[in-house]
Amino acid sequence: MRQTLFYLPSSIGGFSLFGFGILFWSVLLITGIAIVWRVRKHGMDEEAWGYIPMGILIEALLVYVVPNVSTPEGFPIRGYGVFLLTAIVAGVGLLAYRGKKLWNIPPDTIISLALWCVICGLIGARLFYVVEYWPEIREPELLPTLIGIVSISEGGLVVYGSIIGGILGALTFLLRNRLPILATLDLLAPALLLGIAIGRLGCFMNGCCFGGVCDLPWAVVFPPGSPAHSHQLLHDQTYFGGLKFKEEPLSKPEKVWEEPIAIDPNNYAKSLEIYAKDKRSRLRIEAVQPGSEAEKIGLKQGMTVLALGRKVGDQNQLFLVKERRDLFAYIHEAIHSRDQDFLLATDSPQPFHLYTVALQPIQVLPVHPTQIYSALLTLFGCGLLLYLARYCKKDGQVFLLFLIYYPIARFILEMIRTDEDSFLGTGLTVSQNVSLVALVGAFCLGIYISRSSAKRGYEGRFPSRQV
């Protein structure tokens, strides 16, 4: 796992790179050249008009989103984003190669189709993720929420969303240009699997899409603060500072505290005493690790946690704890700050007591590298489809194989992934439910293909093809 590969400088030679900087004017120039080139060849057609909203979208990201994502070190280049870009380039390359080799499809047609697929695929992947994880993305203010919605460089894309969005984008392009649908989907299917395979390596770099705890020789241990570690803490599979926690909401909350609230050492005692009476929820210590430092200093099961914090100089900086969400936000901050210990205020002895708890060592359990499993499965699927394509005599048969292979592989893989919960009480994850729907779609498509005559939609469409 390596989320950040390096940082791009915010300025070059004293000129700003982002905002209304070098990249803004470069994109404007490239978009203008692309439009002029298209107009000279085909006139001001729909494709030429299509470059305009795409350019506006990129410019808006450079002006309003990228500066907010940048850090003091510069703009972070994430491992996930690099592999995502590589996946797009590889998938489009395979699509262009097969389109030219099989049917002599012009490169500009392939590029236009790829743009529709990529843009709609990214939108679909992000929308799927935003809908599924909306409570985690939503912020009290509008701008941070919008930034969270469009920030994909660190992950947050759902493969099924990208497949659905990409196919819808392809259908839109094909219908507008009156190109054969099934024949084009046959070309797209192996490219989709190749893109997914490379994209999963980005998931491994990011630490998302992880598997369940295991002790196999090839199991991987992600670093503290990773999504896998957070999941293990949330589901009480491991300890934090020798402790496990449990949230017990109060039935009649009397006061809602805003967070984080730093408490001065001169008045934090009174604040905690009031907070202990007016809490809207109780965070209790559920278990204490035997033999840990936490056990030695007197922390016991059942104690109520009032606040967490750290020493800043000669002061105790505490943050009130309302729920587990506050706890895990603090855990990430403590890990990334490389604290050696943390402060924990409890309701025992009455009215409160402040403990110094050793944070190190942090325990993270090994898990299945499901990202690697997925990459290997989809890469194998890509090769399988390319091999079987030479024996397919009807349009849609290659895409049918995709609709059978990928949902089955994904359904099985979800059995050892633990990052998604049951969807709507079905006992299956969202992806498993979508896999079942895709298999039903494959069944219907199979019936349609079996009843159709053998034909190839691109046959004779671009007659200059060399036989």
Quick one: does [X]'s side chain get under 4.5 Å of [Y]'s, heavy atoms only?
X      : Y      : answer
Ile362 : Thr238 : no
Val159 : Tyr406 : yes
Ile372 : Arg200 : no
Val213 : Gln232 : yes
Leu115 : Phe173 : no
Thr109 : Pro106 : yes
Phe222 : Leu365 : no
His368 : Tyr373 : yes

Looking at every heavy atom in both [X] and [Y], which two are closest together, and how far apart are they?
X      : Y      : answer
Ile198 : Ala90  : CD1-CB, 3.5 Å
Ser452 : Lys394 : O-NZ, 2.7 Å
Ser230 : Gly225 : OG-O, 4.1 Å
Cys208 : Gln371 : O-NE2, 2.8 Å
Leu386 : Pro190 : CD2-CB, 3.7 Å
Ala87  : Gly195 : CB-O, 3.2 Å

Are the side chain of [X] and the backbone N or O of [Y] linked by a donor-acceptor pair below 3.5 Å?
X      : Y      : value
Gln363 : Phe240 : no
Gln432 : Thr429 : yes
Thr31  : Val27  : yes
Asp395 : Leu182 : no
Thr378 : Ala375 : yes
Gln301 : Val288 : no
Gln397 : Lys393 : yes

If you measure from [atom1] on [X] to [atom2] on [Y], what distance do you get to the nearest 0.5 Å?
X      : Y      : atom1 : atom2 : result
Leu23  : Ile58  : CG    : CD1   : 11.0 Å
Tyr405 : Phe380 : OH    : CZ    : 5.5 Å
Cys209 : Tyr80  : SG    : OH    : 7.0 Å
Thr426 : Leu436 : OG1   : CG    : 9.0 Å
Leu188 : Leu174 : CG    : CG    : 7.5 Å
Leu401 : Leu385 : CG    : CG    : 5.5 Å

Show the numbers, then the answer: is there a side-chain contact (heavy atoms from CB on, under 4.5 Å) between Leu168 and Cys120? CA-CA 7 Å; Leu168 289 177; Cys120 293; 5.8 Å; no
task = Show the numbers, then the answer: is there a salt bridge (Lys or Arg N to Asp or Glu O under 4.0 Å) between Asp236 and Lys246?
result = CA-CA 9 Å; Asp236 298 325; Lys246 180 180 181 181; over 6 Å; no
Legend entry - Tyr387 and Tyr391 aromatic ring geometry - parallel, tilted or perpendicular at 30°/60° bounds: perpendicular
Is there a side-chain contact (heavy atoms from CB on, under 4.5 Å) between Tyr458 and Leu102? Walk through the geometry before answering. CA-CA 9 Å; Tyr458 277 109; Leu102 296 176; over 6 Å; no
CH2/Trp25: more than 12 non-hydrogen atoms of other groups inside 6.0 Å | no
| said: What I want to check is whether the side chains of Thr370 and Arg417 have a donor and an acceptor closer together than 3.5 Å. | reply: no
Show your reasoning for whether side-chain contact (heavy atoms from CB on, under 4.5 Å) applies to Met205 and Leu5. CA-CA 10 Å; Met205 296 288 286; Leu5 299 179; 3.6 Å; yes
Problem set entry | side-chain contact (heavy atoms from CB on, under 4.5 Å) evaluation trace for Trp103 with Thr184 | CA-CA 10 Å; Trp103 307 114; Thr184 306; over 6 Å; no
Is the distance between the ring centroids of His231 and Phe210 less than 6.0 Å? yes
- Task: Compute the ring centroids of Tyr129 and Tyr160, then answer whether they are less than 6.0 Å apart.
- Result: no
